[in-house]
Participant: 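Quick one: the structure is below, questions incoming.
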Amino acid sequence: MNNFLLKLRQEPALMFLFGVMVPITVFLAMQLFNDPEIFFATLMRSLGMGSTYAIVALGFVLIFKATQTVNFAQGALAVSGALFLSFAVADDHIPLTTIDNPINSLPGPDWFHWGVSLVLAMVFAAILGLVIERLTIRPMVGQPLFSVAVITLGLEIALRVFNNDTVKVEFRNVKVPWGIDGFQVGKETINYSIIAAMVTAAIAFVAVFIFYRSRLGIAMRAVAFDQEAAMAQGINVGRVFAIAWAAGAVLAMIGGVFATQPPVKQSLAVDNETANIAFRALPAVILGGLDSATGALLGGLIVGAAEIFAGQYAAGETDILGAGYPVIVPYVVMMIGLLIRPYGLFGTPEIRRV
Amino acid sequence: MLEIANLEVVYNEVILVLRGLSIEVPEGDIVALLGANGAGKTTTVRAVSGLLDVHEGEATKGSITWKGKDITHAKPSEIVESGITQVMEGRRVFAELTVDENLATGGFTVQDKAKTAESYDRVMDLFPILAERRKQTAGYLSGGEQQMLAIGRALMSDPELLILDEPSLGLAPMLIEQIRDIIVDINKQGVSVLLIEQNAMMALSIAKHGYILETGKVVMDGEAQKLLGDEDVQEFYLGLHGEGGERKSFRDVKHYKRRKRWLS
Ligand SMILES: Nc1ncnc2c1ncn2[C@@H]1O[C@H](COP(=O)(O)OP(=O)(O)OP(=O)(O)O)[C@@H](O)[C@H]1O
Ligand SMILES: [Mg+2]
């Protein structure tokens, strides 16, 4: 019986490796020889997509690791933060007032104004994260985690309604300095936004790894491992939660900004769809293992690559696959990944937690 | 210095576990708190360190006074800052963190870097074995090393009162002796100690005063040496060693369940 179960667990892995990976690799190698330029452009787009997913996934992971809660409000946080950026860079007045937008009167070039707005948007997102944590999550400490997760789902809906009806999200430009420009590789254009996403992801991950080794970061990992023991050391668990939420909200906001740019989208504007980036990144989070930053990075890159390459090279098969098939690919990859490693690539099996 | 007076603790608003418990830890002493499984020893520690909340527990009557200040309802972080740190039952080291990182968590309430460095040196002096394993993941340490790490972690906050909840739990006799000697050393450095034990022999041999707890109340107390000579104590607490091993493993299971519930 045990043997049978073991085989069952290994079989999908073997099936996947030989039955799927080998043909895909051969197919991709053929494409590379066929048209290296298209292949390279696709690779770059997949890295841009993966980096965007990784940034959003990292936000999920930070909050989950500290609080053991999947924050379903990441999407609405992404929109709220990106909207703030859009108001800061694109409007003459502070919303709902007649006061002049102070950023417009700053000296210096446009990209400088944009940079200032971005910093302000990060501060705004952090504060939003802190307030939400304080008002809705802190009172729930010690309650079943499922209830807390449902509360975050409620938050997502509430924030979306607020953004739609009161703030009115309709194609609000975030005015990234690089726009949809890019550089040429043969006949293919590589958008600068792709490079920006990759650089941002790299910075975010290095920052998180450095943070995890700092005093506060060690405290956060201690809380993640054993809340009561952390409290017994005098660690203020509430403060750790707050910091995790603030950082998670900032990452969501940055993810939201990249969700308006290539390769995710061409519009450069925040709209209702922007929130979906969180749900699209969820497979990356789960594939990576929910509580691992390394997992978020790898999960993001794998899922992003699968989606973009499938979108590029299976485009002739839409009759069978349906037009929107690339969006499904991340979930398929996640499922296969979970069959092979039930806790995700870098997840902590529950047993080790005890 | 620490004074617990008529303390009553209730779990889940109905389960009365401490029924008017009174104990005292004078400055500079080692005080032993003894009792069988379920007597309420750990509950007493939780009450002192502000961790009842986590277990849906509440101090409904009585008071805990520390250096003249009422701390009955203080927060865990305030209590650690005020100079009381506990070494939890079952060690509870952060298994995924390194030895150094575990020690860093213990020093979380200390802002002064020089002081942290001092405490760190002191821990390394007391536990040379930890110095050899500084970068190692705590989960891979042996049980005895983990207990030393747990004590070292608690010392990083430079406490005036150290509470140890069954430090001999699950350790071999030789290691128990080693831990006992370390507790004496720590006490000589000026730290008051509240030592909670089922191993009455070990605790009473180094304590000045001892309390014996039964179903949430002190049923006997006195000078440690006198308790050691007392016939009842000898019969009930020193004669129990035969079944020690089995009982301990059972307790480990119970502890695991409790923590799971809090986390999930
Ligand atoms: N979270 C809880 N909820 C309800 N009852 C509890 C809880 N924790 C402990 N108890 C009960 O309180 C009583 C005292 O438990 P406590 O852990 O304080 O005993 P102890 O003296 O430390 O025992 P041991 O030697 O086994 O560690 C026990 O009957 C136990 O079942
Ligand atoms: Mg106990």
Side-chain angles (χ1 to χ4, degrees), chain A residues 64-70 138-149 209-243 289-294 343 346-354, chain B residues 45-46 48-51 53-56 75-98 100-111 113 116 138-139 150 153-154 156-157 159 163 165 252-253 255-264:
Chain A
F64 182 84
K65 193 169 166 75
T67 67
Q68 322 280 307
T69 308
V70 178
R138 195 82 62 88
M140 295 293 287
V141 167
Q143 302 299 317
L145 291 169
F146 181 72
S147 321
V148 186
F209 282 114
I210 292 174
F211 170 72
Y212 272 159
R213 265 144 202 82
S214 73
R215 184 184 142 79
L216 211 55
I218 291 172
M220 188 177 282
R221 284 157 61 215
V223 167
F225 185 78
D226 185 341
Q227 254 178 46
E228 190 190 6
M231 288 164 93
Q233 312 311 317
I235 292 169
N236 188 332
V237 173
R239 207 162 83 205
V240 165
F241 279 21
I243 290 162
L290 265 171
D291 65 353
S292 156
T294 317
Y343 299 102
F346 289 89
T348 314
E350 205 55 34
I351 320 124
R352 251 181 70 205
R353 246 171 215 297
V354 189
Chain B
V45 185
R46 282 180 194 148
V48 176
S49 29
L51 290 169
D53 268 3
V54 180
H55 298 269
E56 315 286 334
K75 281 192 247 161
S77 54
E78 294 165 354
I79 291 164
V80 174
E81 271 166 53
S82 76
I84 303 177
T85 306
Q86 68 150 316
V87 179
M88 298 174 89
E89 182 179 2
R91 319 188 231 292
R92 305 281 282 268
V93 298
F94 302 113
E96 286 177 2
L97 273 55
T98 65
D100 269 356
E101 287 171 340
N102 267 276
L103 293 176
T105 63
F108 189 77
T109 52
V110 184
Q111 302 294 334
K113 282 215 169 105
T116 308
R153 181 176 66 178
M156 287 298 290
S157 63
I163 305 177
D165 194 349
D252 283 347
V253 171
H255 162 224
Y256 144 81
K257 275 190 187 149
R258 222 184 276 150
R259 197 156 82 75
K260 275 298 273 195
R261 188 171 53 211
W262 160 240
L263 279 174
S264 52

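Numbered from 1 within each chain, the chains take letters A, B, ... in sequence-line order. Just so it is clear, the structure is predicted and the values come from calculations on it, not from any experiment.
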Participant: OG1/Thr109(B) to CD/Gln233(A) distance, rounded to the nearest 0.5 angstrom?
Facilitator: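 Thr109(B) OG1 to Gln233(A) CD: 9.0 Å, rounded to 0.5 Å.
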
Participant: Do the non-hydrogen side-chain atoms of Glu228(A) and Leu51(B) ever get within less than 4.5 Å of each other?
Facilitator: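 In contact.
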
Participant: Taking all non-hydrogen atoms of both residues into account, name the closest pair between Phe225(A) and Phe94(B) and its distance.
Facilitator: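 So the minimum-distance heavy-atom pair works out to CD2-CA, 3.8 Å.
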
Participant: Please find the pair of heavy atoms, one from Ala232(A) and one from Thr85(B), that lie closest to each other, and give the distance.
Facilitator: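 In terms of heavy atoms, the two residues are closest at O-CG2, 4.3 Å.
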
Participant: List the atom pairs, with distances to 0.1 Å, where a side-chain N or O of residues 76-83 of chain B and a protein N or O form a donor-acceptor pair under 3.5 Å, not counting sequence neighbours.
Facilitator:
| residue | atom | partner | partner atom | Å |
| --- | --- | --- | --- | --- |
| Glu78(B) | OE1 | Lys75(B) | N | 3.1 |
| Ser82(B) | OG | Trp66(B) | NE1 | 3.3 |
| Ser82(B) | OG | Ile79(B) | O | 2.8 |

Participant: Of the backbone (N, CA, C, O) and the side chain (C-beta and beyond), which part of Ser157(B) lies under 4.5 Å from a heavy atom of chain A, both, or neither?
Facilitator: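 Neither part; nothing is under 4.5 Å.
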
Participant: Give, as side chain, backbone, both or neither, the part of Val110(B) having an atom under 4.5 angstrom from any heavy atom of chain A.
Facilitator: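 The backbone, not the side chain.
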
Participant: Counting only non-hydrogen atoms closer than 4.5 Å, does Val87(B) touch chain A with its backbone (N, CA, C, O), its side chain (CB onward), both, or neither?
Facilitator: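 No part of Val87(B) comes within 4.5 Å of chain A.
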
Participant: Would you please go through residues 214-221 of chain A and name the residues with a non-hydrogen atom below 4.5 Å from one of chain B, in numerical order?
Facilitator: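 Listed by number: Arg215(A), Leu216(A), Ile218(A), Ala219(A), Arg221(A).
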
